[in-house]
Amino acid sequence: MKRQNSVAEKTKKQRKRTVIYLYMLFILLSLLVGVSYTWFTLTRTPRVSNMNVYITSQPGLEMSLDKEEWVLQLDFWDIVNATTPLDEEKEKPVLLPVTWSEEQQSFFAAGYGLDGRLLDYEDWQPMTDDRNANKQNSDGYYIKATFYIRSGMPADISLSPAVEVNEGVDGSGTYVRGVPVWNPGYYEKQYDEEGNEIGEKLVGFGHDNGGQGAENAIRLGFRITTLVQDEEGNYLPDEEKEPEFFIFEPNCDLHIDGTKGYMPTASIDGTELLIDKDHLILQTASTWEESDPIENGVVIHTLGEFIDPQKLFSLKTGEIVQIELYVWLEGQDMDCANQSSNAHIQANIQFAGTTESQSGMIEIEE
């Protein structure tokens, strides 16, 4: 009898241990799945790794990197290099999700939890230009470029509207778009109702959107500072004019999920917009469609329009204004989600001047 009780007790303990082992195995498997999911979501942090920016002006309005040589067109990466020299052997700086705080006059990096979701604003990290702008390492989040503008006569300066050129094949003015990337397609086997192969069909032929929707989350900021010369000829900020910051939001009414309509981005400062309406420049979506017939490198563009165009600043004859241009991926935008690292975006920035003169802007004479 005692032997039977002993066997029963031993069997009971073995079952108990088995249940405990199974429970521990379940916990370990859950942790493994959780860790795998975390790795997957965090490696898909939204980013833009290829962005071309073209900055131009009209005759009578000139730009410069150094206030010495004045031109009508600037290469964006030359401007960035003039601000912070880049290593040409490395890839260009990427854009990672940040947001602008007007109250604190700085950017904040989006914070992500272990499940890949955005954290509360208190956990977002403050950024500085010295540490986080134009970097080719893990500290890089956004891009900054500094240049100067002058005019040959008094003028009000704004961003030039986007204009379709060459029957929509090209464009000028100001806009941001995802670059059309040629896809040669592939042949897919075709079958009849009985499952017999009847031939092949070319599918996927045409252009893909290189921006992958990230172009809808791009923001550009312009900090405008008027400069004056001191007795020694040095240019210093005009103490009588406070610098102003403007935010340009292109493609404001088109979203990656297919919905249309402007959806304001709230600020981490607690306001409904990133910046007040007088300093917010909105532009409708710039899109493209295939030509007919479809041709490699040829698409038809429909460029966006400004909503309530804003004047950026006014210039007196010979006056110089410093512009600090910021480019970032807005971390709170609904379109800033799961973009791959090879998103390819093109931005055109053109400045235009209007005067009271009937003859318009005149070229600057040295």
N/O donor-acceptor pair under 3.5 Å between [X] side chain and [Y] backbone:
X	Y	answer
Gln322	Leu227	no
Gln283	Cys252	no
Thr174	Ser160	yes
Ser64	Glu69	yes
Glu188	Val203	no
Ser286	Gly304	yes
Thr99	Gly331	no
Thr355	Pro154	no
Asp269	Thr271	no
Gln310	Lys277	yes

State which residues pass salt bridge (Lys or Arg N to Asp or Glu O under 4.0 Å) with [X]; sequence neighbours excluded, sorted by chain then number.
X	result
Lys316	none
Lys144	Asp129, Glu324
Glu249	Arg219

### Task
Have a look at Val176 and tell me which of Asn251, Val327, Val53 forms a side chain to side chain contact (heavy atoms under 4.5 Å, CB included) with it.
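Of all the options given, the one that passes is Asn251.
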
### Query
Among all residues two or more places apart in sequence or in another chain, which pass the side chain to side chain donor-acceptor pair (under 3.5 Å) test with Ser291?
none

### Query
Taking only residues two or more places apart in sequence, or in another chain, which ones meet Gln346 in a side chain to side chain donor-acceptor pair (under 3.5 Å)?
Arg177, Asn348

### Query
Pairs in or reaching into residues 226-246: which pass salt bridge (Lys or Arg N to Asp or Glu O under 4.0 Å), with residues at least two apart or in two chains?
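Residue pairs with at least one partner in residues 226-246: Lys241-Glu319.
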
### salt bridge (Lys or Arg N to Asp or Glu O under 4.0 Å): pairs with one or both residues in residues 278-301, sequence neighbours excluded
none

### Task
Evaluate whether atom CG of Asn196 has more than 12 neighbouring non-hydrogen atoms of other residues, nucleotides or ligands under 6.0 angstrom away.
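Check passes, neighbour count above 12.
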
### Message
Heavy-atom count check: over 12 atoms from other residues, nucleotides or ligands less than 6.0 Å from Glu88 CD?
### Response
no

If you define the side chain from C-beta out and look only at heavy atoms, does anything of [X] sit under 4.5 Å from [Y]?
X	Y	value
Lys92	Val80	no
Pro93	Leu86	yes
Leu325	Ile55	yes
Ile307	Tyr262	no
Tyr326	Val98	no
Lys90	Asn137	no
Ile323	Ile224	yes
Gln136	Glu89	no

### Leu282 and Phe306: CA distance, side-chain angles, deciding distance, side chain to side chain contact (heavy atoms under 4.5 Å, CB included) verdict
CA-CA 6 Å; Leu282 301 175; Phe306 287 125; over 6 Å; no

List in chain and number order the residues that pass ring pair (Phe, Tyr, Trp, His ring centres under 6.0 Å) with [X], two or more places apart in sequence or in another chain; answer none if no residue qualifies.
X	result
Tyr187	none
Phe246	His279
Tyr121	Trp124
Tyr175	none

Using 0.5 Å steps for rounding, measure from the [atom1] atom of [X] to the [atom2] atom of [Y].
X	Y	atom1	atom2	result
Phe147	Thr83	CZ	OG1	10.0 Å
Ile198	Tyr191	CD1	OH	10.0 Å
Asp130	Asp139	CG	CG	12.0 Å
Met63	Arg150	CE	CZ	12.0 Å
Ile281	Asp308	CD1	CG	11.5 Å
Leu96	Lys135	CG	NZ	14.5 Å

### Task
Begin from the C-alpha positions of Lys311 and Thr354 and carry the test side chain to side chain contact (heavy atoms under 4.5 Å, CB included) through to its verdict.
CA-CA 10 Å; Lys311 180 185 75 173; Thr354 57; over 6 Å; no

Where is the tightest heavy-atom contact between [X] and [Y], given as atom of each residue plus distance?
X	Y	value
Ala109	Met127	CB-CE, 3.4 Å
Ser267	Leu273	CB-O, 3.3 Å
Asp75	Trp77	OD1-N, 3.0 Å
Val228	Pro237	CG2-O, 4.3 Å
Ile79	Leu65	CG1-CD2, 3.4 Å
Tyr148	Trp70	O-CZ3, 3.7 Å

### Query
Looking at Phe245, Phe108, Trp328, which one forms a ring-ring contact (aromatic ring centres under 6.0 Å, His included) with Trp100?
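Per the ring-ring contact (aromatic ring centres under 6.0 Å, His included) rule, the option paired with Trp100 is Phe245, out of Phe245, Phe108, Trp328.
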
### Query
Can Leu220 be reached from Val321 by stepping across I, L, V, M, F, W or Y side chains whose heavy atoms are under 4.5 Å apart?
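In one cluster: yes.
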
### Task
Treat each ILVMFWY residue as a node, draw an edge where side-chain heavy atoms are under 4.5 Å apart, and state whether Leu254 and Phe248 are in one component.
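Result: no, two separate clusters.
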
### Task
Describe, in one word, how the ring planes of Phe107 and Tyr142 are oriented to each other, choosing from parallel (under 30°), tilted (30 to 60°) and perpendicular (over 60°).
tilted

### Task
Take Ile218 and Leu329 through the test side chain to side chain contact (heavy atoms under 4.5 Å, CB included) and record every step on the way to the result.
CA-CA 5 Å; Ile218 291 293; Leu329 189 64; 4.2 Å; yes

### Task
In sequence, state the C-alpha distance, the side-chain angles, and the governing distance for Tyr54 and Ile349, and then conclude on side chain to side chain contact (heavy atoms under 4.5 Å, CB included).
CA-CA 6 Å; Tyr54 303 92; Ile349 304 298; over 6 Å; no

### Message
Which residues pass the side chain to side chain contact (heavy atoms under 4.5 Å, CB included) test with Ser138, not counting sequence neighbours?
### Response
none

